[in-house]
Amino acid sequence: MRNAFSELRSEKYELRAAGIYFPYFIILIPYFIPMNYDPQKIEKKWQKKWTAEKVFEAKDDPPRRLEGRGSDLAPQASEKYYALVEFPYPSGAGMHMGHLRSYTAFDVLARKRRMEGYNVLFPMGWDAFGLPTENYAIKTGIPPQTATKQNTTNFRKQLQSLGYSFDWSREVNTTDPQYYKWTQWIFLQLFKAGLAYKARVNINWCPKDKIGLANEEVISGKCERCGTAVEQREKEQWMLKITAYADKLLEGLKEVEYLPEIKAQQENWIGRSEGAEIEFPLVIASLPASGGRSVAIQLIKVFTTRPDTISGATYLVLAPEHSIIEKIKLQIANYKEVQEYIAETKLKSDLDRSSEGKAKTGVELKGIKVINPATKEKIPVWIGDYVLVAYGTGAIMAVPQHDERDRAFAETFKLPIVDKPLISFDEALAITGGKKTVTYKLRDWVFSRQRYWGEPIPLINCAKCGWVAVPEKDLPVKLPKVEKYQPTDNGESPLSTMTKWVNTKCPQCKGPAKRETDTMPNWAGSSWYYMAYLLSPNAFKNPVSLATWNLELDKLSYWLPVDWYNGGMEHVTLHLLYSRFWNLFLYDQGLVPVKEPYQKRTAQGTILASDGAKMSKSVGNIVNPDDFVKEFGADALRLYILFIAPFNQAAAWDNHGVLGTARFLEKIWKIGIHVGTSEARVSTSDTKVVRLLHKTIKKVSEDIESMSFNTAVSAMMIFINQITNYKLQITNEDWQKFLKILSPFAPHITEELNSLLATRDSLLLCQQPWPSFDPSLIIEHTFDLIIQVNGRVRGTIQAQKGITQAEAIELALLQESIKKWVSGAPKKVIFVPDRLINLII
RNA sequence: GCUCUCGUGGCGGAACUGGCAUACGCGCGUGGCUUAGGACCACGUCCCGCAAGGGUUAGAGGUUCAAAUCCUCUCGAGAGCACCA
């Protein structure tokens with residue numbers, strides 16, 4: 001890209017406008033010819049002004065609207081509007097196109113809402129805990145705190161250069177101890193409510209690096225750093241009982257306006273299914289059944305959604321991890337073989353277990369059988385890794401006749417496939433004594449990380465008292481400074497090496513005790529950040545306590561729920577679910593006034609590289625927003641990212657595309673400079689301009705609401721093209737209306753051009769009311785009547801609106817171009833009022 | 001494999017409720033601006049045809065006076081879930 005682009009264009013304009021006709025005036029140019037369109041200059045100028053006048057700061061106690069200031073679209077005085085975009089992880093690479101797309105769209109929304117008279121909150125902050133910063137620290141020794149500071153400074157500068165109307169006075173940072181003291185406090189509420197517990201769970205383990213890996217660090221079953229195959233290893237982890245909220249999380253979806261695909265993903269993730277638990281008695285195979293009187297040594301409970309198929313169940317399959325195996329090992333004839341299979345399974349990662357395609361593996365538990373409670377037949381019992389221990393009861397009744405997977409397994413191991421009649425749900429329960437139950441795919445949330453760069457889990461382990469919460473007055477439990485950021489050889493958090501920090505006193509019995517060294521996952525700080533923006537400075541300054549929190553309830557009540565939340569599609573399962581879970585929990589505790597935190601949720605589509613591939617650092621096809629701001633200005637870049645495609649759709653970036661929106665702004669600049677001069681002032685606009693202006697106001701107003709920014713920009717281009725192409729007259733008042741609707745999209749150029757107008761007052765453009773349109777000016781009195789003969793278009797004529805079918809036929813038949821297609825009276829006529837007439841011959 | 005979404009010029013895309021397909025922008029072409037040009041201005045730009053006209057929304061069929069839009073199948077792309085009983 002060249003630097004000369006804008007200079008060249010503007011230079012030419014200046015010569016034409018000023019010099020050509022009156023050469024003597026050239027020396028006077030600096031005096032009354034306004035400057036060229038120089039985005040660099042005007043954008044900084046207005047950004048400074050907005051900041052100085054604090055125009056984007058939301059009021060917790062908003063003043064009443066001035067009388068007569070509102071348009072007819074304006075809401076009641078002091079109505080709030082909370083527009084939220086996902087706060088970024090401030091990576092060293094800076095802002096990317098995904099941020100640009102989301103933030104620009106919501107800046108348009110926020111600016112429009114302010115102009116409509118709402119008290120708007122549009123905040124920004126940093127989700128700054130995370131692996132890249134920690135890995136950077138491991139590599140360079142630079143403390144994550146330092147790197148984060150640099151990165152947020154850079155990121156903030158980038159965001160400000162785009163003219164976003166964020167309320168920077170409310171900026172938050174999840175890694176600030178004054179922030180995470182509240183994250184820790186919320187965790188303690190969960191702990192005290194019995195929703196946090198320790199359990200042994202599988203984690204991804206790299207045997208070479210000897211560390212536990214986050215799922216994000218496992219790339220197709222291999223360690224991201226060294227490429228070694230990842231193993232599963234059991235480790236004690238803190239868990240949050242999100243499953244206790246499965247039904248509430250599902251129910252809550254009915255009350256909110258999420259995009260249908262987002263709702264579907266949440267539902268899918270929770271994965272509720274109704275079915276039955278049925279017990280199968282376990283018997284020794286060698287003993288004769290003798291009329292069903294053989295003695296059951298155990299009962300195996302299975303979960304099924306199809307109890308009606310039970311007569312066709314010809315065998316049972318247990319998950320290899322099923323706890324009953326250990327209990328009945330003496331009865332299993334081939335226990336050694338079974339043990340080997342279990343050991344094999346343990347080594348496999350989840351990915352291995354599913355990536356082996358459809359090939360089913362398993363081992364029969366010889367020496368035992370179960371009795372099918374419906375048929376009373378003895379059927380064999382197998383273990384197989386296609387049955388998951390974590391879902392249902394970890395055991396299934398296999399019905400190869402009705403289930404594809406059971407059929408595959410039966411075919412592999414030559415097990416009987418029988419065609420038995422179905423029975424009703426109720427009948428099946430009656431015969432077998434089964435119980436209706438509900439299961440979920442949703443698993444409890446693994447909340448521990450053996451990492452440095454996260455919130456310390458504020459718990460203390462005492463030999464006498466067990467796990468004890470750190471007292472509120474001692475929060476935050478701050479991250480201590482460490483020498484090395486690496487996890488230890490046995491996979492513990494680097495905090496575990498800080499013996500001084502680890503060894504402490506039990507808050508209850510004052511005896512010697514140890515701190516928890518695990519930290520919280522990334523998702524913790526972002527699970528409540530929409531509330532953090534609402535807290536007063538006191539909440540951050542003062543010690544953490546219920547009383548301090550309760551002082552904030554008024555603000556939470558005023559602002560919540562978030563009216564509209566936007567972010568990436570990649571966060572609509574975990575982050576969205578986790579934060580809804582915390583909110584629901586806090587609601588139950590009386591600590592939050594609303595059940596659902598987000599009233600509406602949308603997601604932007606991905607911006608791809610120009611060849612349609614994903615932008616990625618390793619491929620080197622990343623484009624940097626900074627370059628475009630520098631070259632074409634923030635306004636042109638903002639317009640292009642909105643114009644590129646429908647908001648929720650993936651779109652390929654095109655470097656040339658910005659030229660189009662830059663040219664559009666150039667045209668606007670020329671008109672604006674012209675309209676602003678006293679010679680150009682007219683008392684009325686051309687009728688054509690007025691009509692089109694009102695149509696455009698309507699279109700842009702509606703398109704912003706439906707996130708159709710691309711067509712909104714297109715409508716404004718059409719308006720400008722009409723003025724330029726036909727040299728139409730426009731008054732200062734009408735021009736200002738246009739500048740107003742453009743201002744959320746291109747806030748800098750519009751402020752600048754507005755300042756040239758005779759109609760300007762002391763207010764900034766962005767503080768003025770959103771223009772309303774006059775419906776009477778939009779209604780057309782004529783329309784183009786489409787004339788079809790036998791369904792084919794043969795011509796159009798201008799006609800008065802409201803004409804009858806008879807009039808339309810008469811008009812049509814007068815046309816020379818129609819006459820030649822029609823001979824005699826039409827057999828049939830289809831008439832669509834104010835649109836078309838179709839003559840069937 | 002299953003579920004969802006989608007397929008329109010050289011490219012990004014527009015088309016309300018089934019009613020003139022290709023708006024707007026990029027790119028490209030021709031000409032102008034007595035130098036140059038990823039600048040600006042004018043005109044042109046789906047295909048066949050001199051024209052009248054005909055064809056065209058991934059492909060094939062269907063419903064309808066009328067289909068990019070509704071239905072069926074095939075092909076292709078993207079996203080999500082991936083053995084959830």
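So you know, we letter chains A, B, ... as the sequences are listed, proteins then strands, and number each from 1.
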Nucleotide of B:G13, B:A23, B:C26 approaching A:A645 most closely (side-chain heavy atoms):
B:G13
Could you measure between the two C1' atoms, the one in B:G9 and the one in B:G44, and give it in whole Å?
15 Å
Roughly how many Å is it from CD in A:Q649 to C1' in B:C6, rounded to a whole number?
8 Å
Does NZ belonging to A:K420 count more than 12 external heavy atoms closer than 6.0 Å?
yes
Side chains of A:D406 and A:Y386: donor-acceptor distance under 3.5 Å anywhere?
yes
Please report the distance separating the C1' of B:G55 from the corresponding atom of B:C71, rounded so that it comes out in whole Å.
25 Å
B:G31 versus B:G19 - spacing of their P atoms, nearest Å
42 Å
Assess whether atom NZ of A:K614 is packed by more than 12 heavy atoms of other residues, nucleotides or ligands within 6.0 Å.
no
Side-chain donor-acceptor pair present, A:T711, A:D703, cut-off under 3.5 Å:
yes
Would you say A:K695 has more than 12 foreign heavy atoms packed within less than 6.0 Å of its NZ?
no
Pairing partner of B:A79 (Watson-Crick or G-U wobble, both distances under 3.5 Å):
B:U3
Whole-Å distance separating the OH atom of A:Y258 from the C1' atom of B:C4:
20 Å
So, OP1 or OP2 of B:A85: does either fall under 4.0 Å of a side-chain N or O from A:R407?
no
I'd like the P distance from B:C50 over to B:G61, given in whole Å.
29 Å
Of the nucleotides B:G53, B:C83, B:A39, which one has an atom closest to the side chain of A:R794?
B:G53
Think A:Y640 has a side-chain N or O under 4.0 angstrom from the OP1 or OP2 of B:G25?
no
What is the distance from CG of A:N790 to P of B:G54, rounded to the nearest Å?
12 Å
Under a 3.5 Å limit on both distances, the Watson-Crick or wobble mate of B:C40 is B:G32
Report, one pair per line, the protein and nucleotides 17-21 of chain B atoms (nitrogen or oxygen only) whose separation is under 3.5 Å.
{"unit_1": "B:G19", "atom_1": "N2", "unit_2": "A:Q788", "atom_2": "OE1", "d": "3.1"}
{"unit_1": "B:C20", "atom_1": "N4", "unit_2": "A:D784", "atom_2": "OD2", "d": "3.3"}

Watson-Crick or G-U counterpart of B:A68, or none if no pair lies under 3.5 Å
none
Donor on one side chain, acceptor on other, A:Y640 and A:T104, under 3.5 Å
no
Considering only the C1' atoms, how many Å lie between B:U8 and B:U22, rounded to the nearest integer?
7 Å
Which nucleotide, if any, forms a Watson-Crick or G-U wobble pair with B:U63, using both distances under 3.5 Å?
none
Any side-chain N or O of A:N655 under 4.0 Å from OP1/OP2 of B:C26?
no
Given the C1' atoms of B:A77 and B:U45, what is the spacing between them in whole Å?
28 Å
Which comes earlier along RNA chain B counting from the 5' end, the contact point of A:K441 or that of A:Q265, where each point is its nearest nucleotide?
A:Q265
Would you kindly give the CZ-to-P distance between A:F303 and B:C83, to the nearest whole Å?
17 Å
Could you give the CD-to-P distance, from A:E404 to B:C83, as a whole number of Å?
13 Å
Can you tell me if A:K614 touches the phosphate of B:A79, counting only side-chain N or O atoms and a distance under 4.0 Å to OP1 or OP2?
yes
From the options B:A14, B:G54, B:C81, select the nucleotide whose nearest atom is closest to the side chain of A:R792.
B:G54
Nearest to the side chain of A:P646 - B:G12, B:C65, B:A14?
B:A14
Between C1' of B:A15 and CG of A:D703, the distance in whole Å
13 Å
Listed nucleotide nearest any side-chain atom of A:I644, set B:A85, B:G12, B:A23:
B:G12
Atom-pair distance (CG on A:L574; C1' on B:G80), nearest Å
13 Å
Determine the interplanar angle of the A:F745 and A:F709 rings, folded into 0 to 90°, and report it as parallel if under 30°, tilted if 30 to 60°, perpendicular if over 60°.
perpendicular
Residues 824-834 of chain A side chain polar contacts: donor-acceptor under 3.5 Å, at least two apart:
{"unit_1": "A:D834", "atom_1": "OD1", "unit_2": "A:G802", "atom_2": "N", "d": "2.8"}

Which nucleotide wins on minimum distance to the side chain of A:I396, given the candidates B:G13, B:A85, B:A14?
B:A85
Can B:G9 be described as syn, meaning its chi torsion is within 90° of 0, or is it anti?
syn
Taking atom P in both B:A67 and B:A58, compute the distance separating them and give it to the nearest angstrom.
15 Å
A:R306 vs B:A85: side-chain N/O to OP1/OP2 distance below 4.0 Å:
no
Looking at every strand, decide which applies to A:A650 at a 4.0 Å heavy-atom threshold: base, sugar-phosphate, or nothing.
sugar-phosphate
For B:A85 and A:S273 - does any side-chain N or O of the residue sit under 4.0 Å from the phosphate oxygens OP1/OP2?
yes
Whole-Å distance between B:A23 P and A:N721 CG?
13 Å
dist A:L639:CG -> A:L665:CG (nearest 0.5 Å) comes out at 5.5 Å
May I ask you to decide if the ring planes of A:H575 and A:H571 are parallel, tilted or perpendicular, using 30° and 60° as cut-offs?
perpendicular
Integer angstrom distance from the P of B:C70 to that of B:C16:
11 Å
Under a 3.5 Å limit on both distances, the Watson-Crick or wobble mate of B:C11 is B:G25
Give none if B:U17 has no partner; otherwise give the nucleotide forming a Watson-Crick or G-U wobble pair with it, both distances under 3.5 Å.
none
Quick one: do A:W382 and A:V387 satisfy side-chain contact (heavy atoms from CB on, under 4.5 Å)? Show the steps, please.
CA-CA 10 Å; A:W382 287 66; A:V387 176; over 6 Å; no
Closest to side chain of A:H656, choosing from B:G27, B:A14, B:C24
B:G27
